[in-house]
Amino acid sequence: MRVAVTGANGLLGGDAVALLNRKHQVLAVGRGPCRLPPGSHAYVDADLGDGHSVEEALRGFRAEAVLHAGAMTDVDGCERDPEQAWRVNVGGSEQVARACHALGARLVAVSTDYVFDGEAGPYAEEAIPNPRGAYARTKRAGEEAALLLAPDCAVARVAVVYSGRPGARSTFATQVVEKLSRGEPVKAFADQFVSPTLAANGAEMTAELLLETSYRGVIHTAGATVLDRVDFARRVARRFGLQGEIEPVRTADVKLLAPRPLRAGLDVARAAALLRAKPLSIDDALDRFHAEWSRRMAA
Ligand SMILES: NC(=O)c1ccc[n+]([C@@H]2O[C@H](COP(=O)([O-])OP(=O)(O)OC[C@H]3O[C@@H](n4cnc5c(N)ncnc54)[C@H](OP(=O)(O)O)[C@@H]3O)[C@@H](O)[C@H]2O)c1
């Protein structure tokens with residue numbers, strides 16, 4: 001099958017390309033040069049924010065299925081430049097959805113727990129979004145663009161994505177490992193409740209959703225454990241056998257441009273019932289993260 005992945009240089013997209021390459025003809029759509037390890041995929045540099053490049057790439061490839069994982073994910077960057085956030089997160093989703101409609105392709109568009117205000121999480125799929133801030137608002141609008149314009153579409157929400165694979169970008173989890181390894185303290189928000197999602201687990205759930213189900217509408221494909229970020233950092237430290245200071249901080253005490261949902265987290269019961277690839281518990285996910293990190297250190 002011809003499967004395209006946007007955001008291919010990103011955390012979730014990169015793992016999805018590696019996974020899908022095993023059985024399918026894959027077009028990896030990224031920004032700038034390819035930063036993926038060598039594989040059987042084709043690669044195209046296309047801008048989600050320019051209104052046409054990604055749509056043209058998907059049409060040229062005659063995609064039969066698309067995993068849309070590309071997005072402007074810098075939450076404070078979106079707040080600084082809401083125009084660009086809109087172009088990429090809404091306009092990009094629009095491009096992808098229009099191409100899927102024209103091609104009769106199935107679409108899974110990846111989204112976020114930030115569509116919720118974080119007053120009463122964890123949230124199930126039926127909960128009413130109330131996005132706050134430019135990233136959250138543009139991701140929510142991108143969900144609607146995908147659901148409205150692509151007839152065969154699922155929106156898959158994830159949260160706090162992290163990966164230890166070689167080449168994956170830095171995240172909170174990798175910073176915890178790196179800082180504690182250097183003997184530096186780590187600050188962590190004690191009042192942000194989240195559903196950390198190992199990119200590889202998110203990739204396997206969204207790939208299965210795309211190619212092995214006909215599910216339409218919203219579904220939560222995050223990790224299975226909701227916990228605060230201090231607990232998350234402590235569990236990372238424990239799994240890696242690292243000592244050191246993890247300092248709890250309150251979100252309100254740190255100057256951040258964009259609002260953060262506090263009591264967020266996603267209820268993943270629907271994905272657990274529907275998919276063979278289950279949302280991983282934090283302990284199982286950290287075992288895999290540790291294995292990825294070991295391969296990265298050995299590379
Ligand atoms: N990361 C998280 O904690 C998190 C949490 C909840 C939901 N999500 C959602 O999960 C999905 C996957 O994100 P991720 O975690 O894999 O984040 P990521 O690593 O930041 O990946 C996003 C990718 O989109 C690409 N991109 C940004 N602007 C672009 C543009 N104008 N044109 C083309 N590509 C562009 C980025 O390119 P560069 O590599 O060149 O920057 C990056 O590779 C996104 O929909 C995101 O909103 C992420």
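Counting starts at 1 for both ligands and their atoms, in listed order. None of the values given here were measured: they were computed from a predicted structure.
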Please list every donor-acceptor pair under 3.5 Å in which a side-chain atom of residues 242-259 meets a protein atom from a residue at least two apart or in another chain.
residue: T251; atom: OG1; partner: D191; partner atom: OD1; Å: 2.7
residue: T251; atom: OG1; partner: Q192; partner atom: NE2; Å: 3.2

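- In summary, the side chains of R270 and Y215 do present a donor paired with an acceptor at a separation below 3.5 Å, with no hydrogens or angles considered.
- Ion pairing of D113 with R157 is absent here, as no side-chain N (NZ or NE/NH1/NH2) approaches a carboxylate O to less than 4.0 Å.
- A side-chain donor-acceptor contact under 3.5 Å links N21 and S40.
- For ligand 1, the protein residues within 4.0 angstrom (heavy atoms only) are G7, N9, G10, L11, L12, R31, R35, A46, D47, L48, G49, A69, G70, A71, T73, V88, V110, S111, T112, Y135, K139, V158, A159, V160, V161, R169.
- Its side chain outside the 4.5 Å cluster rule for every partner, L19 clusters with none of the Ile, Leu, Val, Met, Phe, Trp and Tyr residues.
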Give the table of side-chain donor-acceptor pairs shorter than 3.5 Å for residues 289-299, with sequence neighbours excluded, one pair per line with atom names and distance.
residue: E292; atom: OE1; partner: G164; partner atom: N; Å: 2.7
residue: S294; atom: OG; partner: H290; partner atom: O; Å: 2.9
residue: R296; atom: NH1; partner: R165; partner atom: O; Å: 3.1

